[in-house]
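Below is one structure; the comments refer to it alone.
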Amino acid sequence: MLKGIMMFEGVKKVLAQTWSRFRGLIAYVRQHPFKSLLFAAIAGFCSLILLFLVIYLGAFGKLPSKAYLKSLKNPVTSTIYASNKEPIGYYYLQNRSNADSSQIKSDLIQALVATEDSRFYEHRGIDYKSYARVLIKSIILQQNAGGGSTITQQVAKNLFGREKQFFLSTPINKIREIFIARRLESIYDKEDIILLYFNTVSFGENIYGIEKAAFRFFNKAPEELTLPESATLVGLLKAPSYYNPRNFPERAEQRRNVVLSQMLKYDYITPETFEEAQTPLKLDYQTPKKVSSFSAYFKDYVATEFAMWAEDNPAPDGHIYDLEADGLNIYTTLNTNIQKYAEAALHRQADNLQKLMDTYWAAATTEGGKEVLLQKLVDQNREVQQMRQSGRTEAEIAAFVKEKRKRRYWVIGKGYEEQMQSLEDSIAKSINRLHAGVIAVSSVSGRIMGYVGGIDYGFSQIDNVVTPRQVGSTFKPITYLAALQAGRTPVTIMTIIL
């Protein structure tokens, strides 16, 4: 008891001393405001310099070397091999195809520069005027002044991403991008940096690079894009989901007009051209064609394992090996024959069980559970919600839900095929689709011999081998084994009292 009272008195004394010092500091600031502000500014500046220094020295991850950055212009494909040295997969720098400089026309370049970095040709990777604007407007005046990142800094972000730090994530990542941008500018000329940008930037929908984006939204090569189309794709970069021209055409058109107005502001186009370019948005959208693949699950698994290994085994120069750019050969224990048998077995069993599931779903039930679930999902459908908002009757909505028309349906092992389905049928088929995974491991060495993470990688990229799931009945063999080891027999009757 006495010890507790003494501890309380000690804490009380410390708090009193701290409060007294704090009050003294406040009094000093009031008496010497300008001197205090000067001390605070000096302390802040020194802290910033220290932060720059520790980032440069690699405290928050090594900066890519100039030698590595030189290789980014033409990244080399890495290959993954099975146990018999047969190639079974490849790793590229993002899901993209490279456009060359002849395909990037002036409309695209001018739209990008006018919108993202108007002083791109004047700076060496860092636009100090933009940072001053952000400091004054965004921080001091609390106005939205946009970001201060240059095109070169955005290339750095596109290529290396941003890592979450335990504190000050945004400033640390921004400073890293500054260092990388300066190195990029010392290696490449402005045209090369523009090309790197257009070949690595994300346009949403898992599209990287202008070539794929031009084909996806307009069914054209980049060099065939018109001025409005170029402005639409550049405008999309601000927020690829929000300004997606397929899902939100009005937003995309408004954003395109902002890009055009920026081009007019910086004299890239004339007022007449500006007016002519503001035409209704027209897309020629190309639905992505997915290729059925089973071994892709193993490829993703290897990539995850490799990334962890690479962190602990850097190159002699400190560079962290990159599957998508370093041209590596990765040899695995996968047995191609066992892999084929595993794929065939999973496909056959999944097909048989799916037929049983479809039969069960079609059977009449008294509980009404699946009908309630189906109705809930139908009500959440975007088209149904739009019909209700526009005042359509429930009878009209019900007819729309039951109407059969050609809909795209993923057939396992084949890809998308058109089938006559109602909206209700389409939703039902999506929720009763069964999933599975198979892994074959050598009981002697522990080597992975076969690996099938799902029913079809093109349909679902979720790897059922490594994705956490509820244990369910798979725990029963473990329970039975424990009972057998404890002396029970298969016919032992156990009575459990809850």
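The first residue of the sequence shown is numbered 1, and numbering continues consecutively from there.
The residues E116 and K238 are annotated as not salt-bridged, no charged nitrogen and carboxylate oxygen being separated by less than 4.0 angstrom. The pair E424-K402 meets the salt-bridge criterion, since a charged nitrogen lies less than 4.0 angstrom from a carboxylate oxygen. Contact check on R388 versus D379 returns a salt bridge, with a Lys/Arg side-chain nitrogen under 4.0 Å from an Asp/Glu carboxylate oxygen. Taking the charged nitrogens against the carboxylate oxygens, E185 and K190 do have a contact shorter than 4.0 Å, which makes a salt bridge. Ion pairing between E229 and R256 fails under the 4.0 Å rule for side-chain N and carboxylate O. K429 has no carboxylate O lying under 4.0 Å from a charged side-chain N of D425, or vice versa, which leaves the two without a salt bridge. Ion pairing between R392 and E396 holds under the 4.0 Å rule for side-chain N and carboxylate O.
Here the side chain of Q354 pairs a donor or acceptor atom with the backbone of L434 at under 3.5 angstrom. Put simply, the side chain of D284 never gets that close to the backbone of N219: no donor and acceptor are under 3.5 Å apart. No donor-acceptor pair under 3.5 Å is formed between the side chain of Q349 and the backbone N or O of A345. Here the side chain of T152 pairs no donor or acceptor atom with the backbone of G125 at under 3.5 angstrom. For T359 (side chain) and K355 (main-chain N/O), a donor-acceptor pair under 3.5 Å exists by modelled atom type. For T304 (side chain) and D300 (main-chain N/O), a donor-acceptor pair under 3.5 Å exists by modelled atom type. In this structure a side-chain-to-backbone donor-acceptor pair under 3.5 Å is missing from T79 to N329. Here the side chain of R255 pairs no donor or acceptor atom with the backbone of Y243 at under 3.5 angstrom. Side chain of E383 to main chain of V401: no donor-acceptor pair is present (N/O by atom type, distance under 3.5 Å, no hydrogens or angles). Listed for the N335 side chain is no donor-acceptor partner under 3.5 Å among the backbone atoms of M449.
F179 does not carry R182 over the face of its six-membered ring by the limits of under 6.0 Å from the centre and within 45° of the normal. Relative to the six-membered ring of F459, R433 meets both conditions, a distance below 6.0 Å and an angle of at most 45° to the axis.
For the pair V452 and Q339, the minimum side-chain heavy-atom distance is below 4.5 Å. Y451 has its side chain within reach of L334: a pair of non-hydrogen atoms, C-beta onward, lies under 4.5 Å apart. Looking only at side-chain heavy atoms (C-beta outward), I80 and Y331 stay at 4.5 Å or farther from each other. By the 4.5 Å heavy-atom criterion applied to side chains, V465 and Y297 are not counted as neighbours. By the 4.5 Å heavy-atom criterion applied to side chains, Y81 and I330 are not counted as neighbours. Residues L423 and E403 have side chains not in contact (no heavy-atom distance under 4.5 Å, counting atoms from C-beta outward). Residues L484 and P490 have side chains in contact (heavy-atom distance under 4.5 Å, counting atoms from C-beta outward). You'll find the side chain of T150 stays beyond 4.5 Å of the side chain of F120, heavy atoms only.
Shortest non-hydrogen contact noted between T232 and P245 is CG2-CB, 4.4 Å. The shortest non-hydrogen separation linking A82 to T336 is CB-CG2, 3.5 Å. Considering all non-hydrogen atoms of both residues, L281 and E253 come closest at N-OE1, 3.2 Å. Shortest non-hydrogen contact noted between P240 and S202 is CG-O, 3.9 Å. The shortest non-hydrogen separation linking E211 to P222 is CA-CG, 3.7 Å. Here the closest non-hydrogen pair linking A436 and N464 is O-ND2, 3.1 Å.
Interatomic distance, NZ of K85 versus OG1 of T332, reported as 9.5 Å (0.5 Å rounding). For the atom pair CZ of F198 and CD1 of I194, the computed distance is 6.0 Å after rounding to the nearest 0.5 Å. Here E191 contributes atom CD and I104 contributes atom CD1; the two are 12.0 Å apart, rounded to the nearest 0.5 Å. With values rounded to the nearest 0.5 angstrom, F215 atom CZ is found 11.5 Å from E224 atom CD. To the nearest 0.5 Å, atom CD of residue Q103 and atom CG of residue L108 are 10.5 Å apart. Atom-to-atom distance recorded for S390:OG and Q385:CD is 12.0 Å, nearest 0.5 angstrom.
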Begin from the C-alpha positions of R447 and S83 and carry the test side chain to side chain contact (heavy atoms under 4.5 Å, CB included) through to its verdict.
-> CA-CA 10 Å; R447 294 177 176 178; S83 59; over 6 Å; no
Note to self: Please determine whether side chain to side chain contact (heavy atoms under 4.5 Å, CB included) holds for the pair Y188 and R183, giving the CA-CA distance in whole Å, both sets of side-chain angles, and the decisive distance to 0.1 Å.
What the structure shows: CA-CA 9 Å; Y188 298 110; R183 290 185 181 181; over 6 Å; no
Should R216 and E205 be marked as a salt bridge (Lys or Arg N to Asp or Glu O under 4.0 Å) after you check the CA-CA gap, both sets of side-chain angles, and the distance that decides it?
CA-CA 9 Å; R216 174 70 60 84; E205 297 192 6; 2.7 Å; yes
Any chance you could lay out the side chain to side chain contact (heavy atoms under 4.5 Å, CB included) test for D107 and L225, step after step, and finish with the verdict?
-> CA-CA 9 Å; D107 285 346; L225 293 171; over 6 Å; no
Discussion item. Walk me through whether L184 and I180 qualify under side chain to side chain contact (heavy atoms under 4.5 Å, CB included).
Written reply: CA-CA 6 Å; L184 285 170; I180 297 172; 4.1 Å; yes
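Defined by atom type and a distance below 3.5 Å, a donor-acceptor pair is missing between the side-chain atoms of K220 and T226.
Environment of CD in Q386: crowded, with over 12 heavy atoms of neighbouring residues, nucleotides or ligands closer than 6.0 Å. Other residues, nucleotides and ligands place no more than 12 heavy atoms under 6.0 Å from the CD1 atom of I462. Counting heavy-atom neighbours within 6.0 Å of Y341 OH, excluding the residue itself, gives a total of 12 or less.
Ring geometry, F217 versus Y285: the interplanar angle falls from 30° to 60°, so the pair is classed tilted.
Between F203 and Y208, the distance separating the two ring centers is not shorter than 6.0 angstrom.
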